[in-house]
Colleague: 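Here you go, one structure.
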Amino acid sequence: IAGITQAPTSQILAAGRRMTLRCTQDMRHNAMYWYRQDLGLGLRLIHYSNTAGTTGKGEVPDGYSVSRANTDDFPLTLASAVPSQTSVYFCASSESGGSGANVLTFGAGSRLTVL
Amino acid sequence: GESVGLHLPTLSVQEGDNSIINCAYSNSASDYFIWYKQESGKGPQFIIDIRSNMDKRQGQRVTVLLNKTVKHLSLQIAATQPGDSAVYFCAENMDSNYQLIWGAGTKLIIKP
């Protein structure tokens with residue numbers, strides 16, 4: 001089934017540890033995104049990538065890094081996790097970023113708890 | 001900064017009735033609006049979208065209305081079913097901007 005695969009589904013992590021959330025899409029979409037979702041705050045964009053080899057900062061990029069070595073994969077890394085990064089993380093993709101129709105396809109999410 | 005907001009955080013509707021979920025936006029430069037549905041434990045799922053040059057767009061059991069004069073967007077769901085229970089998000093996208101601006105969401109509850 002075409003779509004986005006995120007891993008892990010859930011993770012409990014000690015503060016200060018490094019963590020990478022994986023995201024893979026098989027739709028050959030050019031653009032990919034990482035959002036975090038916190039109750040009452042909706043979805044907030046962390047980082048995005050318009051096409052393989054390029055990345056950009058979203059609304060809340062601090063403490064996170066991404067890479068886009070190829071079209072399919074867009075991992076999100078927390079270099080040194082802090083409790084405020086406890087959240088549900090969603091990876092998404094779209095055929096292209098930018099103007100016009102920008103329908104996003106989302107993964108099922110990764111629930112991260114930082115203690 | 002610009003923001004997209006919802007009028008009601010929770011909406012309770014009788015099964016079979018029509019549901020109307022409202023959204024206010026503040027950026028008149030936004031040219032594209034989208035509604036997503038998020039069921040519990042899942043990622044958001046695209047429902048319907050509308051460009052700023054349109055006032056209305058219909059899908060299967062859903063209609064989106066755009067009133068640019070008062071910067072208001074609404075999602076109408078006809079004959080609401082138990083499977084419509086979810087949180088509904090509106091989002092706006094300004095031209096040449098890769099970022100969607102999301103509302104906080106409205107939880108739709110279906111009463112049997």
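Within every chain, numbering begins at 1; the chains are lettered A, B, ... in the order of the sequence lines, protein sequences first and strands thereafter. Worth knowing before you read on, the calculation uses all heavy atoms, side chains too, and leaves out hydrogens, waters and symmetry mates.
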Colleague: Salt-bridge test for B/K68 and B/D55: reply yes if a basic N is under 4.0 Å from a carboxylate O, no otherwise.
Modeller: yes
Colleague: Considering only heavy atoms, which portion of A/Q6 lies under 4.5 Å from any heavy atom of chain B: side chain, backbone, both, or neither?
Modeller: neither
Colleague: Tell me if the centroids of the rings in B/Y36 and A/F106 come within less than 6.0 Å of each other.
Modeller: yes
Colleague: Which of the residues A/R44, A/E59, A/Q37 is involved in the greatest number of heavy-atom pairs with chain B at under 4.5 angstrom?
Modeller: A/Q37
Colleague: Taking the side chain as every heavy atom from C-beta outward, state whether B/F89 and B/Q38 have any atom pair closer than 4.5 Å.
Modeller: yes
Colleague: Is the B/Y25 ring parallel, tilted or perpendicular to the B/F33 ring (thresholds 30°, 60°)?
Modeller: tilted
Colleague: Is chain B contacted by the side chain of A/I4, its backbone, both, or neither, given a heavy-atom distance below 4.5 Å?
Modeller: neither
